Amino acid sequence: MTAQTLHPRVQIVWALRAVLLSALITAPFVGGVYFEYLPRWAPVAVGAVALTLTVGHALLRYRRWSYEIREDAIHLDRGVITQVRTTVPLVRIQHVDSRRSPIERAVGLASCVVYTAGSRGADVRIPGLTPDGASDLREELKRLAIRADGEDAV
């Protein structure tokens, strides 16, 4: 299988999160203007810089995110500032979920979450999938994990 990219609508989800983060970063500067500690232009400048950086990061994040399902493992490649390459052997998969947060539901997307042996939580989350794509991926990973476990059994 060739490397798969995420659905373009995931950029909307990540951009909305970036706008929220920018608002949280800007809020103390608005308070500084309210209490007359800062000039009126300070929150505008901080907000513009924060918005540019966070939305830019969200868009670059989309361009850097890919995954590949092979017969023996899941390979993920992601990261803007720090590049992260993850390989999850299929024999380590315990179970796989598909999830849809409220924002993902609003834009028609879902995520696939892979839990592996020896971990406390999800080791791998593949965002930006269509609901059918997440279900298909969940079923494919389940099938491949069962086959890999059977081949690896003693």
Side-chain angles (χ1 to χ4, degrees), residues 1-70 72-90 92-141 144:
M1 179 181 233
T2 60
Q4 303 291 312
T5 58
L6 305 180
H7 195 284
R9 280 193 307 250
V10 76
Q11 294 175 92
I12 296 169
V13 174
W14 291 345
L16 287 172
R17 288 181 185 159
V19 168
L20 179 60
L21 178 59
S22 297
L24 290 173
I25 291 169
T26 306
F29 292 89
V30 172
V33 169
Y34 179 77
F35 291 110
E36 299 179 359
Y37 294 126
L38 294 172
R40 289 186 169 274
W41 57 265
V44 175
V46 169
V49 169
L51 191 62
T52 301
L53 291 175
T54 57
V55 171
H57 182 269
L59 299 177
L60 287 172
R61 183 179 174 198
Y62 169 75
R63 294 181 68 186
R64 286 287 310 135
W65 228 110
S66 66
Y67 68 96
E68 185 175 1
I69 309 299
R70 296 186 187 160
D72 62 337
I74 305 167
H75 299 271
L76 300 126
D77 189 11
R78 62 204 187 279
V80 175
I81 297 168
T82 302
Q83 186 178 25
V84 179
R85 290 190 174 141
T86 305
T87 300
V88 178
L90 294 176
R92 302 290 293 166
I93 293 176
Q94 293 293 304
H95 69 280
V96 183
D97 291 338
S98 53
R99 289 189 180 164
R100 297 185 74 196
S101 72
I103 294 172
E104 286 175 321
R105 282 194 305 270
V107 296
L109 294 177
S111 297
C112 188
V113 184
V114 179
Y115 297 86
T116 60
S119 67
R120 292 184 187 169
D123 281 342
V124 175
R125 181 177 172 267
I126 302 172
L129 304 169
T130 63
D132 290 339
S135 293
D136 292 346
L137 182 57
R138 185 187 70 234
E139 291 303 314
E140 179 183 4
L141 290 173
L144 289 171

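Computed from a predicted model, the values in this text were never measured in an experiment.
For residues 4-18, no pair satisfies side-chain hydrogen bond (donor to acceptor under 3.5 Å, both in side chains), with sequence neighbours left out. Listed by first then second residue, pairs satisfying salt bridge (Lys or Arg N to Asp or Glu O under 4.0 Å) with a partner in residues 102-114 read E104-R125, not counting sequence neighbours.
Contact between A134 and S98 at its shortest, heavy atoms only, is CB-CB, 3.9 Å. P131 and R100 get closest at one heavy-atom pair: CG-CZ, 3.6 Å. The minimum heavy-atom distance linking C112 with L141 is given by the pair SG-CD1, 4.3 Å. Smallest separation of non-hydrogen atoms from L90 and R70: CD1-O, 3.5 Å. The nearest pair of heavy atoms linking V113 to R99 is CG2-CD, 4.0 Å.
Tested against L109 for a side chain to side chain contact (heavy atoms under 4.5 Å, CB included), the candidates V10, L6, L129, I103 yield a single pass: V10.
Counting only heavy atoms from C-beta outward, the side chains of W65 and L76 approach each other to under 4.5 Å.
One finds the NE2 atom of H95 at 5.0 Å from the OH atom of Y115 (value rounded to the nearest 0.5 Å). Distance CZ/R85 to OG/S66: 8.5 Å, rounded to 0.5 Å. Remark: L16 CG to L20 CG distance equals 9.0 Å, nearest 0.5 Å.
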For this session: Could you check Y67 against L137 for side chain to side chain contact (heavy atoms under 4.5 Å, CB included), going step by step and ending with a plain yes or no?
Result: CA-CA 11 Å; Y67 68 96; L137 182 57; 4.2 Å; yes
For this session: For I74 and I93, run side chain to side chain contact (heavy atoms under 4.5 Å, CB included): C-alpha distance rounded to whole Å, both residues' side-chain angles, the deciding distance at 0.1 Å, then the answer.
Result: CA-CA 10 Å; I74 305 167; I93 293 176; 3.9 Å; yes
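Residue I81 qualifies as open at atom CD1: its count of foreign heavy atoms under 6.0 Å is 12 or below. The number of heavy atoms from other shown groups lying within 6.0 Å of CD (E36) does not exceed 12.
Using a 30° and 60° split on the angle between ring planes, F35 and Y37 fall in the tilted class, from 30° to 60°.
Comment: R64 engages D77 in a salt bridge, judged by a side-chain N to carboxylate O separation of less than 4.0 angstrom.
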Which atom pairs, donor and acceptor, lie under 3.5 Å between side-chain atoms of residues 42-60 and protein residues at least two apart or in another chain?
{"residue": "T52", "atom": "OG1", "partner": "A48", "partner atom": "O", "Å": "2.8"}
{"residue": "T54", "atom": "OG1", "partner": "A18", "partner atom": "O", "Å": "3.2"}
{"residue": "T54", "atom": "OG1", "partner": "S22", "partner atom": "OG", "Å": "2.7"}
{"residue": "T54", "atom": "OG1", "partner": "A50", "partner atom": "O", "Å": "2.8"}
{"residue": "T54", "atom": "OG1", "partner": "L51", "partner atom": "O", "Å": "3.4"}

